[in-house]
Chemist: 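One structure is given below, represented as structure tokens, and several questions about it will come after.
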Amino acid sequence: MDKAKLWQRYQDWLYYNPDLNFYLDISRMRFSDEFVQAMQPRFEKAFQDMASLETGAIANPDENRMVGHYWLRNPDLAPNAELKAEITDTLEQIKTFAAQIHSGYLHPPQENRFTDVISVGIGGSALGPQFVSQALAPLDAPINLHFIDNTDPTGIDELLTTLRDRLARTLVIVISKSGGTPETRNGMIEVKQAYEAQNLDFGSHAVAITGKGSKLDQIATTEGWITTFPMHDWVGGRTSEMSAVGLVPAALQGIDIDAILSGAKTMDNLTRRAELKSNPAALLSLAWYAVGNGKGEKDMVVLPYKDRLSLFSRYLQQLVMESLGKEKDLDGNTVYQGLAVYGNKGSTDQHAYVQQLREGVPNFFATFIEVLKDRDGKSPEVENGVTSGDYLSGLLQGTRLALYDNHRDSITITVEDVTPRHVGALIALYDRAVGLYASLVNINAYHQPGVEAGKKAAASVLDLQREVVSLLQQENTPLSVPEIAQKLNAAEKVEIIYKIIRHLYSNGRGIKVEGNLGEPSRLQVSWQN
Ligand SMILES: O=P(O)(O)OC[C@H]1O[C@H](O)[C@H](O)[C@@H](O)[C@@H]1O
């Protein structure tokens, strides 16, 4: 396409909303007018699906659940007064709690103030709070937020060592919708032990955010934790940033949570429109469908040109991939749907993998996120008439051009600044785009059956480990790995048994191993008394 036509295409497809000062440009995604025409019936259905979801239909049929994250930013939409009250009451509870922590009204037993927070959670119970914290926490935040989002002992140790002298002033928020996620439970147990090792009462430093009646809820009640915030059954983990999951950590850091909610609500209003060209989420989903033939044939590379937004790609990775990565469609057909997401930030990535994007395998489309405001205050010149921010902007434009010239498509989202309102709007934009795209390709975006398989497999490995240990404790003579497998009636699990032994051995867990670890079948394994 020649430059004049491209300029016209840019103007034809540019979406702009003055209220949010938000732009979406899908002109560099190569789709035709005929394609847009052909997609109209699918969009009509997708708009209807979203409308019934918002009014409380069972939009997650496999789990028989409503999907209500839109109500969180506009409680008037909640399907009944009870749900509306749950939302508004929780919001009030969050604000009161944050104010009481900031003022010192709620304080640790031995100190005047809480200065730090450890947030223990994983997946949807970590990614939103991490993204929002990085994007919006002020440098002089009233409280410092830290995360345990894994069951990695070294990661836990490093944080607990850093906070060793401040533990008495540290609040712990344990976040888990189900209240039974093992990684989160492990983090909680280890943190609790660190408190006990300093003779600190854990309960008077702990807060839970979880579903009513969950294991975690019960622990919090039994142990007399400071308080518990509800996690609603009708909010999915990956869309929970605007529930207590995201709002409690944000409010504690002094982030304007009303502005986040208002930005999301404004975007929700825009993306509720049942008309393709005036609905930015519909435009996004149209572009995704076009570029990947509705089958996710191209990956989404997310490139925010702003350090504070660098966790957005990780946040979107869960939102998009856990929602859209499905084996079956809603009619039970095997479809292997999905849309792979990766990315970090520009211009940093230009010095890493953009080489391949420009010249290598063309299996992706880029999403540039541009922030118009460079910084507060004036910028020094780094060259005659040029600032660092001009560079960042120039590098974005240059990469977009270079990719397009080599037949690599891109979307560009432009926001005025990284404010709570814009961050709320960005989250809401993608919530809706994912929902619409799921309708276009006829899948359930709100369950995650595949995750269970990995969890079950992990649990069975741990069961096997217990069996291996108890067998070795009973045996008087060393055994080979295949002998262990045979004695446990688990010949088909011999490789896993070898790995269990190797791991126990590497951590001094009572296993004695003789022989060459590189020759698994010839090892002699025994219990060390
Ligand atoms: O909040 P939780 O119940 O602890 O769940 C944390 C995460 O775990 C699961 O593996 C799900 O796939 C995620 O969607 C969820 O966000």
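In each ligand, atom 1 is the first atom listed, and ligand 1 is the first ligand listed. In what follows, residues are counted from 1 in the order of the sequence shown. Just so it is clear, the model here is predicted, and its values are computed rather than measured.
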Chemist: For atom 14 (O) of ligand 1, which of Arg238, Met231, Glu322 has the closest heavy atom?
Modeler: Glu322

Chemist: Considering only heavy atoms of Gly124, which atoms of ligand 1 have at least one such atom less than 4.0 Å away?
Modeler: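 Near Gly124, the atoms of ligand 1 are 15 (C), 16 (O).
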
Chemist: Is it the case that atom OH in Tyr353 sees more than 12 heavy atoms from other parts of the structure closer than 6.0 Å?
Modeler: yes

Chemist: State whether Asp307 and Lys345 are salt-bridged, where the test is any N-O pair (Lys NZ or Arg NE/NH1/NH2 against Asp/Glu carboxylate O) under 4.0 Å.
Modeler: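 Result for this pair is yes, salt bridge flagged.
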
Chemist: Salt bridge check, Glu111 against Arg166: does any charged N sit closer than 4.0 Å to a carboxylate O?
Modeler: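 Judged by the 4.0 Å cut-off on N to carboxylate O distance, Arg166 and Glu111 do not form a salt bridge.
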
Chemist: As an exercise, identify every atom of ligand 1 less than 4.0 angstrom from a heavy atom of Gln318.
Modeler: 13 (C), 14 (O), 16 (O)

Chemist: Taking the six-membered ring of Phe22, is the NZ or CZ of Arg421 close enough (under 6.0 Å from the centre) and on axis enough (within 45°)?
Modeler: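 So Arg421 doesn't make the cation-pi contact.
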
Chemist: Looking at side-chain heavy atoms only, is the closest gap between Asn269 and Arg272 below 4.5 Å?
Modeler: yes

Chemist: Would you check whether Glu183 reaches within less than 4.0 Å of ligand 1, judged by its heavy atoms?
Modeler: no

Chemist: Taking non-hydrogen atoms only, is Lys177 closer than 4.0 angstrom to ligand 1 via side chain, backbone, both or neither?
Modeler: both

Chemist: Inspect the contact between Lys328 and Asp62 and indicate whether a charged nitrogen and a carboxylate oxygen are less than 4.0 angstrom apart.
Modeler: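 Salt bridge: no.
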
Chemist: Taking 4.0 angstrom as the limit and counting only heavy atoms of Val451, give me the atoms of ligand 1 inside it, by number and element.
Modeler: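 Those of ligand 1 that fall under 4.0 Å from Val451 are 10 (O), 12 (O).
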
Chemist: With nothing but distance in play, are any N or O atoms of Gly123 less than 3.5 Å from an N or O of ligand 1?
Modeler: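 No, since none of the N or O atoms of Gly123 sits under 3.5 Å from an N or O of ligand 1.
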
Chemist: Looking only at distance, does Thr181 have an N or O less than 3.5 Å from an N or O of ligand 1?
Modeler: yes

